[in-house]
Amino acid sequence: MSGKNKKTITKYMVLYELRNITGNPFVHIFGIGMPIMMALIITRIAISERADDSIMRMVSTSVFLGIGAMIPMATVLMGYAIRQAQDFEKGIPERMQLFGIKSHVTLCNRAVSELIFLAAAFALYFLAGIFFMDLETPAISGIVLYIVCMLFFSIMCFMLGHAIAALIRRFGLTYCVVMLVYFACMILGGMMGISYENMPGAMQAAAKLLPVTYFNRDFFTIWTGEAYNFVPMLQSYLFFGAVSGILLFIASRRRKI
C-alpha cells in the first residue's frame, strides 16, 4: 500500500463525507433553519413590549448567542449520531474495512467534514443575525471566546453522539435517545421558554451541569467583554466532557469503533 493510501485524512474522503452531510435534509432544517427562525421569533416576542433600544439590543444578543448552541446539538449530536447508527445497523464499517478503510480513518474524515459543515452553518447563522437582528457590538475577546466555547462544545457533542450510536447500533433507538438528550438540553438550557430563575431547584442543579445554560444565560456578559466568573461554566464543560468521554471509552471497550 502506498504512503498516499495510508493517510488518515484525505481530501476525497472528506468531500465524500461532506456530501453525505449536506444530502441530509434533517441537518438543514434543524441545524440551520430552525435556529435562525427561533432566534428571530423569540427575539420579536421578547422585545415586543420594550421600547428601550439598549434593552432590546441586549435581549436580541442574548437570545442569538443562546440559540446558537442548537447548531452543534442538531448537526453533530443528532445528525451525526443518527447517520452513524444507520451505518452500524447496515454493517457499513465492516464493509469499508474489506476495502482497507479502517474505522479510525472514517471517524477522522467524518470529524473534519462535520467541522466544515458546522463552520458553514454558523456563518449563515451570523449573517442572519447581522442582517435581521439588532445585535450588540462584541468585544474581540467575546468573539474569540464564543468560537472557542462552541468548538469544544461541538467536539463533546461529536464524542457523545458517536458513543451513543456505537453503544446502541440501531437507528430507531439511537434517534429516540439523542432526541431526548437534545430536548433535555434545550429545556434545561432555557431555550424553551423557561428561564433558569423560574426552574425548580432540581432542574437548576441539572442545568448548571450543561454548557448550553451558560450560552443562554451568561454569554452576553462575555460577548461584551465584561468581567465574568468562568468557574461554573468550566465545571459544566468538565462534567459534559467527562460523561461523553466515559461513554466513548465504554463503547470502544465493548466494540471496535
Side-chain angles (χ1 to χ4, degrees), residues 26-79 115-154 157 182-183 185-199 204 207-208 210-230 232-233 236-237:
F26 175 89
V27 296
H28 295 286
I29 295 171
F30 290 94
I32 301 176
M34 190 173 175
I36 292 174
M37 291 302 298
M38 282 192 66
L40 293 174
I41 292 172
I42 293 175
T43 299
R44 293 293 183 272
I45 294 173
I47 66 176
S48 59
E49 297 181 358
R50 295 177 172 88
D52 192 322
D53 289 341
S54 61
I55 294 178
M56 291 169 60
R57 194 174 296 113
M58 181 187 71
V59 171
S60 298
T61 307
S62 297
V63 170
F64 177 81
L65 297 174
I67 295 295
M70 289 179 60
I71 298 176
M73 287 196 297
T75 60
V76 180
L77 176 60
M78 291 183 65
L115 180 61
I116 293 172
F117 184 84
L118 196 66
F122 268 109
L124 292 173
Y125 184 69
F126 269 86
L127 284 174
I130 291 169
F131 284 108
F132 302 112
M133 298 178 67
D134 186 18
L135 302 179
E136 188 73 41
T137 303
I140 295 177
S141 61
I143 297 176
V144 173
L145 287 170
Y146 189 78
I147 293 172
V148 171
C149 289
M150 276 295 178
L151 178 60
F152 278 99
F153 180 61
S154 301
C157 285
Y182 174 79
F183 279 109
C185 288
M186 287 188 64
I187 293 170
L188 294 172
M191 302 179 195
M192 301 293 284
I194 305 175
S195 65
Y196 175 84
E197 291 73 17
N198 294 327
M199 292 179 184
Q204 286 186 352
K208 288 179 180 179
L210 299 175
V212 291
T213 300
Y214 302 94
F215 280 113
N216 192 61
R217 190 187 67 175
D218 298 343
F219 223 97
F220 177 81
T221 302
I222 303 171
W223 183 256
T224 53
E226 298 177 29
Y228 179 73
N229 179 16
F230 284 92
M233 182 187 289
S236 72
Y237 269 85

Minimum heavy-atom distance between Val212 and Ala69, given as atom pair plus value:
CG1-CB, 3.9 Å

Side chain Tyr237, main chain Cys149, donor-acceptor under 3.5 Å
yes

Hey, does Pro72 have a side-chain heavy atom less than 4.5 Å from the side chain of Met150?
yes

How far does CD1 of Ile67 sit from CG of Leu40, to the nearest 0.5 angstrom?
10.5 Å

If I compare all heavy atoms of Trp223 with all of Pro138, which pair ends up nearest, and what's the gap?
CE2-CB, 3.2 Å

Closest non-hydrogen atom pair between Thr43 and Ser60, with its separation:
CG2-OG, 3.1 Å

Could you go through the side-chain contact (heavy atoms from CB on, under 4.5 Å) check for Leu118 and Ile71 one step at a time?
CA-CA 7 Å; Leu118 196 66; Ile71 298 176; 3.8 Å; yes

Between Met70 and Phe30, is a side-chain contact (heavy atoms from CB on, under 4.5 Å) present by the stated rule, with each step listed?
CA-CA 8 Å; Met70 289 179 60; Phe30 290 94; over 6 Å; no

Would you please say whether a donor-acceptor pair under 3.5 Å links the side chains of Thr221 and Asp218?
no

Taking the side chain as everything from C-beta on, heavy atoms only, tell me whether Phe220 gets closer than 4.5 Å to Arg57.
no

Which distance, rounded to the nearest 0.5 Å, do you find between the CE of Met56 and the CE of Met58?
12.0 Å

Pair Tyr214 + Phe230: ring centers closer than 6.0 Å:
no

Identified side chain to side chain contact (heavy atoms under 4.5 Å, CB included) partner of Glu136 from the options Thr224, Val59, Leu65:
Thr224

With rounding to the nearest 0.5 Å, note down the distance linking CE in Met192 to CE in Met38.
6.0 Å

Please evaluate residues Phe117 and Ile32 with respect to the criterion side-chain contact (heavy atoms from CB on, under 4.5 Å), reporting the C-alpha separation (whole Å), side-chain torsions for both, the decisive distance (0.1 Å), and the verdict.
CA-CA 10 Å; Phe117 184 84; Ile32 301 176; 4.0 Å; yes

Nearest 0.5 Å, what's the CD1-CE distance between Ile42 and Met191?
9.0 Å

State whether the side chain of Thr213 and the backbone N or O of Ala207 hold a donor-acceptor pair below 3.5 Å, judged by distance alone.
yes

Do Tyr125 and Ile36 touch side chain to side chain, with heavy atoms closer than 4.5 Å?
yes

Distance from Met186 atom CE to Asn216 atom CG, nearest 0.5 Å?
9.5 Å

For Ser141, side-chain contact (heavy atoms from CB on, under 4.5 Å) partners two or more places apart
Ala139

Please tell me whether Phe64 and Phe126 form a close aromatic pair, meaning their ring centres lie under 6.0 Å apart.
yes

Mind checking ring-ring contact (aromatic ring centres under 6.0 Å, His included) for Tyr182 and listing every partner two or more places apart, or none if nothing turns up?
none

To the nearest 0.5 angstrom, please state how far the CZ atom of Phe122 sits from the CD1 atom of Ile147.
9.5 Å

Minimum-distance pair of heavy atoms, taken over all atoms of Ala74 and Phe26:
O-CE2, 3.7 Å

Show the nearest heavy-atom pair for residues Phe219 and Phe215, with the distance to one decimal.
CB-O, 3.5 Å

